[in-house]
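Encoded as C-alpha cells, the structure appears first; notes follow it.
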Amino acid sequence: MNIFRLTGDLSHLAAIIILLLKIWKTRSCAGISGKSQILFALVFTSRYLDLLTSFISLYNTTMKVIYIGCAYATVYLIYAKFKATYDGNHDTFRVEFLVVPVGGLAFLVNHDFSPLEILWTFSIYLESVAILPQLFMISKTGEAETITTHYLFFLGLYRALYLINWIWRFYFEGFFDMIAIVAGVVQTILYCDFFYLYVTKGEGRSQLSIPT
Amino acid sequence: LDSQTDKDEL
C-alpha cells in the first residue's frame, strides 16, 4: 500500500458517500444517471466476488463491503425510494452498447481464463466506461448540480491517483498490470473534459453548465 | 516483462 493508492481509495469512498448523502439529504436523484449507478454496482459485484474466497486484509474486506453496500443503496434510492425524482427522460444512454462489447473483450483479453479472473477483467473494463451514461446525461441537460460535480471530481481523481500508484509500484516493486493500467488510462481520459470544466468553471457557479 | 496481477487492490 502506498500513499497514492490510499488517497485514491479515500477519494473513491468520498465520491460514493457524497452521492449517497446528496440523494438521501435532498430526497432527490435529479441529474443523476441511474444507469451509471447500476453499472457501478455491477462493477463491484463482479470484482469483489473474491470476498467469498480469499481474505487479504481487514482494510481490503471493509472497503469492498462498503463499496458494494453503498452502490446497491444508491441504486435502491434512485429506482425505488426516490424514483419519482428520477429523470429517466435524460438518462437514455444505451448501456447494452457498453456491457456487451466489454463482456466480449473480457473473454478475449485477460490474464487467465478462469471464471473469477474473467469477471475481474470484465469489472475493470466496465468501470472504465461506467461513467459514460452520467456524462451523457449531463451533456443532454447541459448542467449539473454543484454537489454532482464534486462527486464526479473525486470519482475521476481516484483512478488518476491509481495511475500514479501503478507508476510507483512499477518503479519500486516491478509490479504492473497491463489490463488495469490501460483501462485506468481510458477511464481517466474520459474525465479530462469534465476536469477542465470543473476547474475553469466550477468556482463560484451554482450550476456547471456544459456546452451541449 | 509479463504482466503480474495480484488482487490486493480495490
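A quick note: this is a predicted structure, and the numbers were derived from the prediction, not measured. All chains are named by letter (A, B, ...) in the order of the sequence lines, taking the proteins before the strands, and each is independently numbered beginning at 1.
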query = Which atoms form the tightest heavy-atom contact between L10(B) and Y162(A), and what is the distance?
reply = N-OH, 3.4 Å
Step-by-step side-chain contact (heavy atoms from CB on, under 4.5 Å) determination, N165(A) to E9(B) = CA-CA 10 Å; N165(A) 151 63; E9(B) 294 185 345; 3.1 Å; yes
request  = Could you tell me which portion of F44(A) (side chain, backbone, both or neither) has an atom closer than 4.5 angstrom to a non-hydrogen atom of chain B?
outcome  = neither
ask   = OH of Y196(A): more than 12 outside heavy atoms within 6.0 angstrom?
value = no
message = Could you work out, with salt bridge (charged side-chain N to carboxylate O under 4.0 Å, His left out) as the rule, every residue matching K35(A), not counting sequence neighbours?
response = none
query = Hey, is CZ on F172(A) packed in by over 12 heavy atoms from elsewhere, all under 6.0 Å?
reply = yes
Exceeds 12 heavy-atom contacts within 6.0 angstrom, atom CZ of F107(A) = no
query = Given a strict heavy-atom distance threshold of 4.5 Å, which part of D112(A) is in contact with chain B: side chain, backbone, both, or neither?
reply = neither
Contact leader toward chain B among D50(A), I181(A), N60(A), where contacts are heavy-atom pairs under 4.5 Å = N60(A)
ask   = Side-chain contact, heavy-atom cut-off 4.5 Å: R47(A) with K7(B)?
value = no
